[in-house]
Amino acid sequence: MVGKFERNKDLLQEAVESTASHVGRIATIITGAIVDITREIGDLVADGVEMREAAKKAQIDEGDLDDVPQLPSPDDVIDTQGEYLPDERRS
């Protein structure tokens with residue numbers, strides 16, 4: 001005959017193991033979702049950049065250079081108002 005203490009210990013052990021298993025599965029699901037969401041956001045940003053570059057090239061091809069946005073170069077810095085400062089405007 002199994003004593004009350006051993007029965008309770010076995011029940012507690014089973015509950016802890018079950019909880020840990022479920023928490024692990026949930027963590028795996030959440031981790032996978034974060035990876036998928038991050039990948040989709042990256043793809044969305046890449047698509048936006050490609051569309052922006054395509055629109056700029058189309059404007060250049062059509063000769064409509066007045067409204068072509070100036071893309072910042074890697075050497076540009078941002079001032080305190082969030083504006084890009086090309087080399088010639090830096091102080």
Side-chain angles (χ1 to χ4, degrees):
M1 181 169 167
V2 178
K4 183 177 178 183
F5 175 77
E6 191 168 343
R7 249 192 339 254
N8 288 338
K9 180 210 53 106
D10 290 344
L11 179 64
L12 179 63
Q13 181 179 345
E14 191 65 33
V16 169
E17 289 174 4
S18 177
T19 301
S21 176
H22 288 292
V23 168
R25 288 186 196 140
I26 291 168
T28 300
I29 291 168
I30 291 171
T31 301
I34 291 170
V35 168
D36 292 343
I37 290 168
T38 303
R39 185 175 297 122
E40 289 301 320
I41 290 171
D43 290 347
L44 177 64
V45 171
D47 288 348
V49 169
E50 288 175 9
M51 286 188 276
R52 181 177 174 187
E53 290 173 355
K56 181 177 177 182
K57 288 178 184 177
Q59 285 179 326
I60 291 170
D61 289 346
E62 292 175 5
D64 185 15
L65 299 177
D66 294 334
D67 293 332
V68 176
Q70 294 298 317
L71 299 175
S73 78
D75 296 326
D76 291 346
V77 294
I78 301 175
D79 70 4
T80 56
Q81 283 79 38
E83 300 288 326
Y84 284 100
L85 296 176
D87 288 333
E88 63 271 3
R89 288 187 36 211
R90 292 182 194 169
S91 53

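Any value given below was found using the heavy atoms of this structure, including those in side chains, with hydrogens, waters and symmetry copies removed. As the structure is a computational prediction, the values presented were derived from the model and not from experiment.
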- Using salt bridge (charged side-chain N to carboxylate O under 4.0 Å, His left out) as the criterion, list what pairs up with Asp47, not counting sequence neighbours. none

- Note on the structure: The remaining residues in the hydrophobic cluster of Val16, counting side-chain heavy-atom contacts under 4.5 Å among Ile, Leu, Val, Met, Phe, Trp and Tyr, are Leu12

- Message: Using the side chain to side chain contact (heavy atoms under 4.5 Å, CB included) criterion, which residues pair with Glu14? Sequence neighbours excluded.
- Response: Glu17

- Query: Looking at residues at least two apart in the chain, or sitting in another chain, which of them share a side chain to side chain contact (heavy atoms under 4.5 Å, CB included) with Lys9?
  - Reply: Glu6, Gln13

Report all side-chain donor-acceptor pairs from residues 21-34 shorter than 3.5 Å, counting only partners two or more places apart or in another chain.
from  : atom 1 : to    : atom 2 : distance (Å)
Ser21 : OG     : Arg25 : NH2    : 3.4
Thr28 : OG1    : Gly24 : O      : 3.0
Thr31 : OG1    : Ala27 : O      : 2.8

- Only counting residues at least two apart or in another chain, list the ones meeting side chain to side chain contact (heavy atoms under 4.5 Å, CB included) with Asp43. Arg39, Glu40

